[in-house]
Amino acid sequence: MAEHSKKKQYWAIAVVGIGLAMLLWFFAAKLSLFNKHTYQSDLFSHIQISRSWLQGRPAMFENNYGHHALYHNYFFNLLLGPLVLWLGAYGLFVAQLGLYVWAFIYCFKTLQKAEVNKARITVFLLALFLGPYSFWLYDDTWFGFHIEMLYVPLGFIFSLSLYRQQKWVSIISALFIISVKEDGAVLAACLHTLYFTWEWISQRITQKQWLKKSLVWGLVYIAVFALGIIYLKYKNHFAETRLDKAFARWAEMDSRVKSEYIGSILKSFALMQLPLLVWLLFVRIQPKLLLWWVLILMPVLAVNMVSGLVYLPQNGFSLTWVPRFSLSFTLFLAVAVYSLVQGRFWFSSPKKIITANSIVAIVLIGAQVVLLKTEVNYSFSKNAVGILTAPNPADEKPYVKEIEAVAHVLPHNYAVAPPYWLLGAFHKHDYLWISSVYNAWTNPRMVICDETLWEGVNPTERLQHPDSVIKPNVRYYFEREDRHYLVEAGVCNE
């Protein structure tokens, strides 16, 4: 007995250690992707959305779209404000890592307490919760960050807390989910309903209790969702919102475009589910629970499809886009963990269990890697493994180091509009998008241009007393009295 307990302890240490090491790898890879200027889009909006209220600006204001509260209810961003004000982009990355570590440890303890087979816990945590899909959702290639990425750890924590009947963890995580974005109430409703359904199927509650709980809580979440949409209408002075634009976009498309669009996104989404279905069938999910998972998934898919209509006919921003897929993947993690604690499996022999789990782990990881490449054009090996050895743009374009030197000497409250793809060098500054400077809180004091300058953009348009330093691959336009910053950075001599 003592020897068995010692082996169990060694296994626990090994799994937790490997899991935490994988999360640190995720984090290190993300930092490397960021520092090599891979992220060039929404990440920088989220940085400013998070900290604007601490800088004397309206809540959720950012210099690209202006008042971002007109588009989405990103309330959770505001909670991250102090961390982001201090660390810039790293503040978002640290918060993301912290939530994943919490979810990982919380899940491990839950499954261990439920006495789930060790091999199954290992495969679930390391091949699914921290598998290739998870890194892709953790990375969010090109965009770098969407607050919806946090649905994965938050939703998983919520699902586990319901099972463990830890009231305060459930309340806090549910409130966090709802505050992420306006569709958070839909995800929370689906996760809560899924838990009630699992209780009913597992005969923990009667059908009458299931129906009553599902209806009561469903109405609560519907009310919260409706309030969120009304709030967006209010912020837009009851004019056209992003939701209205989505439906308008759909209405103006012809039937052929609509048919091709729906067909392509449903096909890609269905293929992306294959590794998840392999796992559910392997752990012998009850047919009832499998059917209910599909049914409960429908509201999430509906919300995601409507959200994606804004970009129609582009299909890359629908069900398989990171901020959309995060919701459906979170719901999968919930049903997967409920199936694990349920204890219905194909094999009981220890040797068969280890062999079967090893094969399934290989299949799961391989399938995820292949489908990421074929369906969303994402290279897991390049982003998760090769990024640490990938060349730095600064080594290929020497002027990048010069621009990074300028970022180092400028005060953090300095209004600067750098090349779009080099916003990361100024993530702690008051950076502006040169293509949408008219939306910014203030005019730029410096505009830096390279060969990527947008056509038709006048870099000196908003400068009061413009001066310039012109070099072969980069041009600096700035307020005359600010030349000393470029001297200090070594850009010019006087």
Side-chain angles (χ1 to χ4, degrees), residues 42 46 71-77 96 99-100 103 128-129 131 133-140 143 145-162 173-195 197 217-218 221-222 224-225 228-229 242-243 246 265-266 268-273 275-277 280 292-311 315-338 368 371-372 375-376 378:
D42 289 29
H46 278 284
Y71 301 97
H72 296 297
N73 297 334
Y74 286 148
F75 299 124
F76 194 78
N77 271 101
Q96 182 186 21
L99 288 174
Y100 265 87
L128 278 178
F129 181 65
Y133 275 9
S134 287
F135 182 83
W136 164 60
L137 294 173
Y138 189 97
D139 172 17
D140 194 5
F143 295 95
F145 188 84
H146 284 97
I147 198 69
E148 298 96 313
M149 295 158 64
L150 302 185
Y151 277 143
V152 177
L154 287 173
F156 195 39
I157 290 166
F158 177 56
S159 301
L160 291 166
S161 68
L162 291 172
S173 55
L175 290 174
F176 282 169
I177 293 168
I178 291 168
S179 70
V180 166
K181 192 185 167 191
E182 59 273 11
D183 56 14
V186 176
L187 177 60
C190 291
L191 291 170
H192 216 154
T193 304
L194 180 66
Y195 171 70
T197 303
W217 279 103
Y221 289 118
I222 289 172
V224 172
F225 177 70
I229 299 301
R242 194 174 178 86
L243 182 63
I265 61 176
L266 288 180
S268 289
F269 182 78
L271 289 171
M272 292 283 283
Q273 302 305 302
L276 313 184
L277 287 171
L280 293 179
W292 275 104
W293 170 55
V294 174
L295 291 174
I296 293 170
L297 185 61
M298 291 301 108
V300 166
L301 299 187
V303 167
N304 283 343
M305 289 188 72
V306 170
S307 298
L309 294 180
V310 176
Y311 305 93
N315 59 12
F317 297 100
S318 190
L319 301 183
T320 56
W321 191 29
V322 165
R324 316 270 190 246
F325 197 83
S326 293
L327 282 83
S328 56
F329 187 72
T330 302
L331 198 61
F332 160 74
L333 288 177
V335 76
V337 81
Y338 293 156
Q368 289 176 72
L371 286 168
L372 285 174
E375 301 310 312
V376 294
Y378 182 83

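In this structure, Ser134 contributes its side chain and Leu128 its backbone to a donor-acceptor pair below 3.5 Å. One N or O on the side chain of Ser161 and one on the backbone of Phe158 form a donor-acceptor pair closer than 3.5 Å. Side-chain atoms of Gln368 come within 3.5 Å of backbone atoms of Tyr133 as a donor-acceptor pair (strictly under, hydrogens ignored). Side chain of Tyr74 to backbone of Val180: no donor-acceptor contact under 3.5 angstrom is found. For Ser328 (side chain) and Phe325 (main-chain N/O), a donor-acceptor pair under 3.5 Å exists by modelled atom type. A donor-acceptor pair is defined here as one N or O able to donate and one able to accept, closer than 3.5 Å; no such pair exists between the side chain of Glu375 and the backbone of Met272. For Asn304 (side chain) and Arg324 (main-chain N/O), a donor-acceptor pair under 3.5 Å exists by modelled atom type.
Nearest heavy-atom pair across Ile265 and Ser318 is CD1-OG, 3.4 Å. Nearest approach of Ala246 to Val310, heavy atoms of both residues: CB-CG2, 3.7 Å.
The aromatic rings of Tyr378 and Phe135 lie tilted to each other, with the angle between the two planes from 30° to 60°. Below 30°, between 30° and 60°, or above 60°: for Tyr100 and Tyr138 the angle between ring planes is above 60°, a perpendicular geometry. Ring geometry for Phe143 against His146 counts as tilted: the plane angle lies between 30° and 60°, on a 0 to 90° scale.
Between the side chains of Glu148 and Ser326, no donor N or O sits under 3.5 Å from an acceptor N or O.
With respect to Leu187, the side-chain contact (heavy atoms from CB on, under 4.5 Å) criterion is satisfied by exactly one of Leu327, Ile178, Leu154: Leu327.
Here CZ of Phe156 is found 12.0 Å from CG of Leu331. Values are rounded to the nearest 0.5 Å.
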